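A short worksheet on the structure shown next.
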Amino acid sequence: MWSLCPLLLLTTSANAFVVPQQQRPLLTSLEATRTIGIFGGGTVGGGIVEILTKKSAYFKELTGSDLVVKTICVRDATKQRDFAIPEGCTVTDKYDDILTDPDIDMVVEVMGGTTDAKNIVFSSLKSGKDVVTANKALIAMYLPEIEETLANMDKPVQFRYEAAVCGGIPVIRSFQSDFVGDEVSMISGIINGCTNFMLTEMDQFGRTYDEALTEASRLGYAEADPTLDVGGFDARSKLKILMRLGFGVEVPEDKIACRGITDLTKLDFDYAKMMGGTIKLLGVAERVEEGKITAFVSPCYLTKEEPLASVSGATNAIEVSSRNLQSSTYIGQGAGRYPTANSCINDIIALAKGDKSPMPFNPLDKVTEYVDDYSSTFYIRIRYRDGLGITRQVGEACEKVGVSIHSILQNPITRRDDAAFVLITEKVPLQAVKEACKAMEEFDWCNGLPFYMPVISENWVEKMSS
């Protein structure tokens, strides 16, 4: 039975089809093709190809489109890959084989870096190709420029980046859709899997920092140069992106206070256990008052009852506090072949379905101000050599800069050359703590720069006494 209807015009990005009445059945959808070029044929790129191949029939039914990987660009085109190359797909080492191919309308960038990857992403957008990327460093560094490029395009293109923050956890899309009618007050999260694995090893198995790093490297969690992870810089890039989505603020990365885990020792975990908790590397952004937010990346003390305290191994977790939803927690795999590839696939499918995101970073808040300082209770660990008047001098140094001491902790001394004690402060500004630590370093008895970190849990005193 043929359907009788007026002349129907169906279009795709490349073609227009006229379906005369009484010649064809009424079409409910139009089969199309999205032609994909992938930059990067390593761990994540291989995972993307495998998923696209395995679920090709399902994806076609879901989107109404064939998803065809036409070209994969890699550093070494002769290298044997650990995944099957799709039929008809070309593996190349020439960027222009994708960038200048008019058939490719979607570019997936999973090669990493901020130099060549920048040129690839911007060239793709400017040539009218939709972009999917997992590159948090690139986004954090060039977010305003990406936003400006998208705004000035004659023909709208889409920019998707779900995999850029916390790998397989769908936190980007949640901020783009689930909190638009809400008001976020705080974002707090474990957003680097390598360091969380290392801190879990130090906490649960008593490993030293070096032993934990060696194990992380053996298992593939740590890069050959782990600086971005252990220095907190990877987490800072992710936090910057989340701050823009959650608070609408654009903050240069170097303005976000950042401390990694390299100065943590087994001794710090001993004291954390004495206090009834543990230590996690957190990225935190918080609305401190109306119109002002602050942020930091740092090791933090948490009581065992805190939701993030129980997140172990290479797992990531983000807790969002907001007016309407109150508390929302996202937890899952933050890295790895399939978790990261899965997020890229979700972006690819969204584009194939025609989903639009005209403002991928959410609107800019031009009123809210970023404050380059924050207040907290602080843990300060001080190594010392034998001397007289240590307690008095510590008290005077803290009093001089306005740091009020709540308590002093000291475990039994097992090695005179590794003696230390811990101060727990009242709630004070970070800058005051830095000044106090600098003053204490000048004392003859002080054995190196004191280590400090925020005490996130407000009920730490009760947990210590229980």
Side-chain angles (χ1 to χ4, degrees), residues 186-213 216 221-222 226-239 256-286 294-304 306-319 334 373-383 409 420 422-425 427-428 430 433-434 436-437 448-458 460 463-464:
M186 185 172 74
I187 302 169
S188 178
I190 296 168
I191 49 182
N192 181 270
C194 171
T195 51
N196 199 54
F197 172 83
M198 290 176 61
L199 296 183
T200 301
E201 293 289 300
M202 294 174 74
D203 180 32
Q204 297 183 4
F205 305 106
R207 297 188 192 274
T208 65
Y209 170 85
D210 289 335
E211 289 169 345
L213 178 57
Y221 295 134
T227 303
L228 292 178
D229 291 328
V230 299
F233 305 113
D234 174 83
R236 185 175 67 177
S237 294
K238 296 170 183 174
L239 183 62
I256 301 173
C258 184
R259 182 175 202 134
I261 67 169
T262 54
D263 294 328
L264 280 170
T265 68
K266 291 173 65 176
L267 185 63
D268 297 310
F269 283 94
D270 290 340
Y271 278 109
K273 289 175 182 177
M274 176 196 293
M275 296 166 64
T278 189
I279 301 169
K280 296 292 184 182
L281 181 72
L282 300 183
V284 178
E286 184 176 12
T294 190
F296 63 87
V297 172
S298 175
C300 299
Y301 167 80
L302 299 169
T303 63
K304 290 292 187 181
E306 294 286 339
L308 297 178
S310 60
V311 179
S312 61
T315 305
N316 282 194
I318 295 177
E319 188 175 10
D373 195 9
Y374 66 92
S375 294
S376 174
T377 298
F378 280 89
Y379 164 109
I380 306 175
R381 185 244 300 146
I382 306 162
R383 295 186 183 277
L409 310 177
V422 167
L423 304 180
I424 305 296
T425 73
K427 191 171 184 177
V428 294
L430 170 65
V433 170
K434 287 182 175 180
C437 289
L449 183 65
F451 169 81
Y452 59 85
M453 64 179 170
V455 175
I456 297 297
S457 305
E458 295 183 356
W460 69 270
K463 296 305 173 186
M464 182 176 174

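Since the structure is predicted, the reported quantities are computational estimates derived from the model, not experimental observations.
Between the N196 side chain and the A314 main chain, no donor and acceptor come within less than 3.5 Å of each other. T294 contributes a side-chain N or O that, together with a main-chain N or O of D373, makes up a donor-acceptor pair within less than 3.5 Å. Checking side-chain atoms of T278 against main-chain N and O of A309 turns up no donor-acceptor pair under 3.5 Å. Between the side chain of K238 and the backbone N or O of G283, no donor-acceptor pair lies under 3.5 Å.
At a threshold of 4.0 Å, the pair D270-K266 does not count as salt-bridged, since none of the basic side-chain nitrogens sits closer than that to a carboxylate oxygen. Checked for salt-bridge contact, D263 and R383 miss the test: no charged N lies under 4.0 Å from a carboxylate O.
Side-chain contact check for L423 versus Y452: every heavy-atom pair is 4.5 Å or farther apart. No side-chain heavy atom of L308 sits under 4.5 Å from any side-chain heavy atom of I456. No side-chain heavy atom of D203 sits under 4.5 Å from any side-chain heavy atom of I279. With a 4.5 Å cut-off on side-chain heavy atoms, I190 and T315 do not count as touching. With contacts defined as side-chain heavy-atom distances shorter than 4.5 Å, the pair I424/M275 qualifies. Under the 4.5 Å side-chain criterion, counting only non-hydrogen atoms from C-beta, V297 is not in contact with L282. For the pair T265 and F451, the minimum side-chain heavy-atom distance is 4.5 Å or more. Counting heavy atoms from C-beta on, the side chains of V422 and M274 never come closer than 4.5 Å.
Counting all heavy atoms, side chain and backbone alike, P450 lies closest to R259 at O-NH2, 4.4 Å. Contact between V311 and K280 at its shortest, heavy atoms only, is O-NZ, 2.6 Å. The shortest non-hydrogen separation linking P226 to A222 is CB-CB, 4.5 Å. Nearest heavy atom pair, residue A216 against residue M198, reads CB-CG, 3.9 Å. Across all their heavy atoms, M202 and T208 have their closest contact at CG-O, 4.0 Å. Heavy-atom minimum distance, C437 versus L449: O-CD1, 4.2 Å.
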(message) Let's go through T262 and Y209 carefully: what are the C-alpha distance in whole Å and the side-chain angles of both, what is the deciding distance for side chain to side chain contact (heavy atoms under 4.5 Å, CB included) to 0.1 Å, and is it a yes or a no?
(response) CA-CA 7 Å; T262 54; Y209 170 85; 3.4 Å; yes
(request) Kindly determine whether R236 and L239 satisfy side chain to side chain contact (heavy atoms under 4.5 Å, CB included), including the steps that lead there. (result) CA-CA 5 Å; R236 185 175 67 177; L239 183 62; 5.5 Å; no
(request) In sequence, state the C-alpha distance, the side-chain angles, and the governing distance for I382 and I380, and then conclude on side chain to side chain contact (heavy atoms under 4.5 Å, CB included). (result) CA-CA 6 Å; I382 306 162; I380 306 175; 4.0 Å; yes
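Summarising the geometry, atom SG belonging to C194 is positioned 6.5 Å from atom CD1 belonging to I261; distances are rounded to the nearest 0.5 Å. A distance of 6.5 Å separates CG of L267 from CZ of R381, quoted to the nearest 0.5 Å. One finds the OG atom of S188 at 7.5 Å from the CG atom of L302 (value rounded to the nearest 0.5 Å). Note that SG of C300 and CG of L281 are 7.5 Å apart. Values are rounded to the nearest 0.5 Å. The line from CD1 of I256 to OG of S298 is 13.5 Å long, rounded to the nearest 0.5 Å.
In summary, the aromatic rings of Y379 and Y301 are positioned with their centroids too far apart to meet the 6.0 Å limit.
Between F296 and Y374, the ring-plane angle classifies as parallel under the 30° and 60° cut-offs.
For Y271, there are no ring pair (Phe, Tyr, Trp, His ring centres under 6.0 Å) partners two or more places apart in sequence or in a different chain. Under the ring pair (Phe, Tyr, Trp, His ring centres under 6.0 Å) criterion, F269 pairs with no residue, sequence neighbours left out.
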